[in-house]
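Hydrogens, waters and symmetry mates are skipped; everything else that's a heavy atom, side chains included, is used. Chain naming here is simple, since letters A, B, ... match the order of the sequence lines and numbering starts at 1 in each.
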Amino acid sequence: AQSVTQLDSQVPVFEEAPVELRCNYSSSVSVYLFWYVQYPNQGLQLLLKYLSGSTLVESINGFEAEFNKSQTSFHLRKPSVHISDTAEYFCAVTGGGGNKLTFGTGTQLKVEL
Amino acid sequence: DVKVTQSSRYLVKRTGEKVFLECVQDMDHENMFWYRQDPGLGLRLIYFSYDVKMKEKGDIPEGYSVSREKKERFSLILESASTNQTSMYLCASSPRDHYNEQFFGPGTRLTVL
């Protein structure tokens, strides 16, 4: 069985400040890891994913996440946030070859002026 | 672009009614999923389907059933709606071998009175 823990339910941050959203997982098999973003009144969109290869993955809008196998983590970071980054962020995991994603409980990122 | 559409954005039903939530995807995806999203609980998988007429229970199937008669359409059925089924329902689809990247619809907010 797999599980995902997002310890921070809300993260307030000022615009242009750096941010880190934490994600830890547990799994007995090798994993694929994802970050999804949900803007207000919308469905989820894939932000970035780790499947294999380089442990540092990036999105087109400046977010990055690093897969750390020893710490079973996949934290999401951005060096300078914008108001438009205000959204809920979900970390998700699946075992290799499986069809099902297991989601964390989400982190609400609120960017303030 | 992949498009996943859901029949209603908002729905209000009465306790005991039979409720149908419809989801259609236009990218010929094999896998389709139904989740419910509740504050503090993240996304929880209700049912999924990996082929026409095939279905598997997710983590919280009680009180729900599904139907997949055509590849592009996946219906969620609440046989007798109850107030604890008030929630946001999200549909998603994914290709069979695309390492589980799921594409989400905008969601249906269901209120059961």
Side-chain angles (χ1 to χ4, degrees), chain A residues 1-10 21-25 27 29-53 57 59-60 65 67 74 87-108 110, chain B residues 1-10 21 23-25 27 29-51 54-61 68 74 88-109:
Chain A
Q2 295 149 168
S3 66
V4 177
T5 302
Q6 293 181 249
L7 286 173
D8 305 307
S9 60
Q10 294 186 24
L21 306 184
R22 296 180 292 168
C23 173
N24 288 90
Y25 69 91
S27 176
V29 297
S30 59
V31 296
Y32 302 137
L33 293 154
F34 304 80
W35 276 99
Y36 282 83
V37 58
Q38 185 179 34
Y39 298 105
N41 299 314
Q42 295 186 27
L44 276 71
Q45 306 172 29
L46 181 68
L47 186 61
L48 47 75
K49 61 185 176 184
Y50 169 77
L51 302 180
S52 64
V57 290
S59 72
I60 57 172
F67 170 55
F74 191 54
E88 189 155 22
Y89 292 79
F90 292 92
C91 183
V93 64
T94 187
N99 282 317
K100 292 167 54 175
L101 280 173
T102 299
F103 285 87
T105 52
T107 298
Q108 181 68 48
K110 185 173 182 182
Chain B
D1 279 354
V2 174
K3 194 163 186 183
V4 180
T5 57
Q6 296 183 230
S7 51
S8 305
R9 289 301 303 272
Y10 300 93
L21 303 183
C23 175
V24 177
Q25 51 94 2
M27 284 301 292
H29 286 169
E30 287 79 11
N31 301 325
M32 295 189 75
F33 307 82
W34 274 108
Y35 296 89
R36 64 176 282 175
Q37 181 182 9
D38 300 289
L41 297 177
L43 275 73
R44 293 179 291 167
L45 182 65
I46 305 171
Y47 268 97
F48 69 100
S49 168
Y50 51 88
D51 205 347
M54 305 300 287
K55 61 185 179 184
E56 286 196 25
K57 293 180 179 179
D59 301 318
I60 52 164
R68 193 163 180 204
F74 192 36
M88 172 69 86
Y89 289 88
L90 293 170
C91 176
S93 70
S94 71
R96 187 188 307 284
D97 297 317
H98 207 72
Y99 302 104
N100 301 295
E101 177 178 346
Q102 294 184 14
F103 297 86
F104 283 81
T108 296
R109 186 166 294 282

Review point. Taking all atoms of both residues into account, what is the closest heavy-atom pair of B:I60 and B:R44, and its distance?
Key: CD1-CB, 3.7 Å

Review point. Got a second to check how far B:L90's CG is from A:F103's CZ, nearest 0.5 Å?
Key: 9.0 Å

Check your understanding: Is chain A contacted by the side chain of B:Q37, its backbone, both, or neither, given a heavy-atom distance below 4.5 Å?
Key -> side chain

Check your understanding: Relative to chain A, which segment of B:L41 carries a heavy atom at a distance below 4.5 Å: side chain, backbone, both, or neither?
Key -> backbone

Check your understanding: Do the side chain of A:Q6 and the main chain of A:Y89 share a donor and acceptor less than 3.5 angstrom apart?
Key -> yes

Check your understanding: For A:E88, is it the side chain, the backbone, both, or neither that has a heavy atom closer than 4.5 Å to a heavy atom of chain B?
Key -> side chain

Study note, to complete from the structure: d(A:L46 CG, A:Y36 OH) to nearest 0.5 Å is 5.0 Å

Study note, to complete from the structure: Turns out that what part of A:L44 lies under 4.5 Å from chain B's heavy atoms comes down to both

Review point. According to the interplanar angle, ranging from 0 to 90°, do the rings of B:Y35 and B:F33 count as parallel (below 30°), tilted (30 to 60°) or perpendicular (above 60°)?
Key: parallel

Check your understanding: Which region of B:R9, side chain (C-beta onward) or backbone (N, CA, C, O), has a non-hydrogen atom less than 4.5 Å from a non-hydrogen atom of chain A, or is it both or neither?
Key -> side chain

Check your understanding: A:W35 side chain to A:F74 main-chain N or O, any donor-acceptor pair under 3.5 Å?
Key -> yes

Study note, to complete from the structure: Under 4.5 Å to a heavy atom of chain A? For B:D59 that would be side chain

Check your understanding: chain B heavy atoms under 4.5 Å from A:Q45: which part of the residue, side chain, backbone, both or neither?
Key -> neither

